[in-house]
Amino acid sequence: MKTIIEPFRIKVVEPIRMTTRRQREQILRDAGFNLFLIRAEDVLIDLLTDSGTGAMSSLQWAGIMRGDESYAGAKSWYVFRDKIREITGFAHILPTHQGRASERILFELVGGPGKVVPNNSHFDTTRANIEHTGARAIDLVIDEGKQPASRHPFKGNMDLERLENLIRETGPQNIPLVMLTVTNNSGGGQPVSLENIRAVRAVCRNYGLPLFLDACRFAENAYFIKLREPGQQDRSVREIVRDMFDLVDGATISAKKDGLVNIGGLLLLRDDHLAQKADELLILTEGFVTYGGLAGRDLEAMAQGFEEVVHEDYLQYRVRSTAYLGERLLDAGVQIVEPPGGHAIYIDAKHFCPHIPPAQFPGQALVCALYRHAGIRAVEIGSVMFGQDGNPPPMELVRLAIPRRVYTQSHIDYVIEAIGEVFANRGTLRGLRIVSEPPALRHFTARFEEL
Ligand code: F0G
C-alpha cells in the first residue's frame with residue numbers, strides 16, 4: 001500500500017477552537033506580536049513545540065493508574081529502570097523532571113570556568129546550563145548542516161577535523177566531555193549517522209574524553225539511520241538504538257520528546273563515581289533516586305513510552321508524515337531546511353520574505369502571519385531567539401514542530417494550504433521592531449510593533 005496511515009485509533013478527543021481573523025488581530029496586538037504570550041486556547045493548530053505535547057496511548061494511561069507512589073523503592077521505579085536498561089543498556093539511570101534538569105546536574109559536576117564542551121549544535125537549555133557554570137559551549141556541526149538546501153543525509157554530523165583542532169587548541173584536560181545531539185534540533189532536526197558517532201568516539205578515545213548523547217529524539221535518529229545509512233536497512237530500530245547508546249559514556253534525555261510523555265527526563269551514566277555524585281545532586285534538588293522529580297505514575301508512562309517509540313510502524317508514520325508536510329511546502333515553492341527532519345519542518349524565512357532584512361525579524365513576521373491568517377502557532381528560530389548579542393545567526397528559520405500522535409493528515413493539509421496562501425501574498429508581510437525585551441532569552445517575553 002502507498003498510503004501510510006496513523007497507526008492508532010482515537011479514543012479521547014480534545015476540541016480545538018477556531019477564532020475569527022478580527023479576534024486574532026486583537027490577540028496579536030495584545031500579546032505584542034509574541035506568540036509565547038497568547039493563550040493556547042486561542043490557537044487552532046499548535047506547532048510551537050513537539051516537547052511534552054504528544055498524546056499518550058491507552059497503555060500509558062493504564063500505567064498512570066498503576067503508578068506506585070511509594071517514596072522509596074516503588075514498583076513503578078523498577079518497571080521504569082528495567083525498561084530503560086533493556087533499551088539503552090545503561091547501568092546508572094537517574095529520573096529527572098525534564099531534560100534541562102539532567103543537564104543542570106551533569107554540568108554542575110563537570111562544567112566550570114575554563115572548561116569547553118563541544119557538540120554538533122547545543123540546544124539552548126544545554127548551552128545555557130554549560131554557560132551558567134562559566135564553561136563555554138561550542139557548535140561543530142558539518143558545513144552542510146548550515147545550508148538549508150543541502151540534502152546531505154546526515155546533516156547533524158559533527159565535523160571531525162574541527163573537533164580535533166578544538167581539542168588540541170583547548171587541551172583535552174579542559175574538555176570534560178564531548179556531546180552529540182540526536183537528532184540535531186537547533187540544526188533542523190537532522191540526524192547523526194552511526195558512522196559519525198563511531199568516528200567521534202574514536203577521536204574521544206584518543207584523547208581520553210567521554211562522549212555523551214543529548215538523546216531527546218534517539219528513536220527518530222535511529223529510524224533515519226535505518227532508512228539512510230548503508231548496511232542498516234535490515235536491522236531493527238531497537239538494535240540501532242542499542243548501538244547508539246553502546247558507543248557513549250552517558251546521555252541526557254528529555255522524555256517529553258521520544259519518551260512519548262508530557263513530563264519526564266533521564267540522566268544515564270556509566271561511571272560509578274560520577275553517578276554517585278549525580279545521585280547526591282538529584283536528591284538535593286529533584287527527589288530521591290527512585291523517583292527523581294516525578295510521580296510513580298509518570299515513571300510508568302515513561303516506561304511504556306520508551307517501549308512504544310521504537311515500534312517501527314509508529315516511526316514510519318512519524319517520519320513520513322513530517323516529510324509529507326515538508327514535501328508539499330517545497331512543491332508550493334516554500335524553501336525549507338532539506339531534507340525534512342524528524343520532529344519538525346523549518347521554513348527558510350529569508351527566502352520566504354526577502355524584502356524583510358534580518359534586523360526586522362523575517363521569521364517573526366512569518367510567525368505572526370501564520371497566526372493571523374489561519375490560527376497556526378509556530379516559533380521563530382532566528383534573530384529574535386539568537387540575535388540578542390548583536391550577531392545575526394546564519395539562518396532565519398520558522399519551526400513547525402509536530403506533536404506526536406496529535407494531529408491527523410487533514411490538520412496537516414490545512415497547514416499546507418494556509419502556508420501556501422500566506423506565501424502567495426508574502427509581499428504584504430511586514431517586519432517588526434522590538435519595543436521591550438528582557439536581558440536574556442528575549443524570545444519568550446519580548447514585545448514587538450509592526451513596521
Ligand atoms: N535538548 C534538546 C535537543 C531539546 O530539544 C530540548 C528541548 C532539551 C534538550 C531540553 O529538554 O525541555 O525537557 O528541559 N526542546 C524543546 C523544543 C523545548 O521545543 O525543542 P526539556
Side-chain angles (χ1 to χ4, degrees), residues 35-36 40 43 46-54 94-108 117-132 137 139 141 145 155-156 158 177 179-192 212-221 224 244 248 250-268 285-286 292-294 298 301-302 305-306 309 322 337 341-346 363 367 377-382 384-386 397-404 406 441 443-444:
L35 278 286
F36 279 104
V43 176
D46 203 344
L47 307 181
L48 184 67
T49 178
D50 65 317
S51 180
T53 52
L94 286 74
T96 60
H97 79 275
Q98 61 184 79
R100 67 197 72 182
S102 308
E103 294 161 6
R104 209 264 311 147
I105 292 172
L106 178 64
F107 291 110
E108 184 168 331
V117 182
N119 201 330
N120 45 359
S121 305
H122 289 278
F123 182 66
D124 54 8
T125 58
T126 322
R127 172 178 293 282
N129 272 294
I130 290 167
E131 291 174 350
H132 184 68
D139 292 345
V141 75
K155 285 170 83 172
M158 185 177 268
L177 55 87
M179 227 173 176
L180 279 171
T181 304
V182 294
T183 57
N184 188 23
N185 185 10
S186 310
Q190 301 292 327
V192 179
F212 273 59
L213 291 180
D214 174 340
C216 295
R217 299 177 180 86
F218 69 96
E220 290 170 9
N221 197 90
F224 279 121
M244 286 166 52
V248 300
T252 55
I253 306 184
S254 165
K256 299 171 73 171
K257 285 82 167 173
D258 276 353
L260 297 178
V261 288
N262 306 117
I263 195 73
L266 300 105
L267 176 58
L268 307 179
T285 56
E286 289 279 306
L294 297 164
D298 298 325
M302 267 164 79
F306 274 85
V309 81
T322 305
V337 174
H343 70 295
I345 294 297
Y346 296 67
V367 163
R377 177 158 67 171
V379 67
E380 192 260 17
I381 303 192
V384 177
M385 197 179 270
F386 295 123
L397 301 176
V398 168
R399 184 180 76 169
L400 308 164
I402 320 290
R404 291 171 182 77
V406 169
L441 294 172
H443 54 286
F444 291 124

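Side chains included, hydrogens not; waters and symmetry mates left out as well; all remaining heavy atoms used. Remember, it's 1-based here, ligands and their atoms both numbered in the order they're listed.
With 3.5 Å as the limit, one finds a donor-acceptor pair spanning the side chains of E286 and H97. Inspection of the H343 and N185 side chains reveals an N or O donor paired with an N or O acceptor under 3.5 Å.
Sorted by chain and number, the residues within 4.0 Å of ligand 1 by heavy atom are T49, S51, Q98, G99, R100, E103, F123, T125, T181, N185, D214, C216, R217, S254, K256, K257, R399.
The side-chain hydrogen bond (donor to acceptor under 3.5 Å, both in side chains) test applied to T53 returns no partner, not counting sequence neighbours.
The one candidate from V248, L180, N119, L106 that meets the side-chain contact (heavy atoms from CB on, under 4.5 Å) condition with F212 is L106.
Ring geometry, F444 versus F36: the interplanar angle exceeds 60°, so the pair is classed perpendicular (tilted spans 30 to 60°).
A salt bridge does not link D258 to R217: none of the charged nitrogens lies less than 4.0 Å from a carboxylate oxygen.
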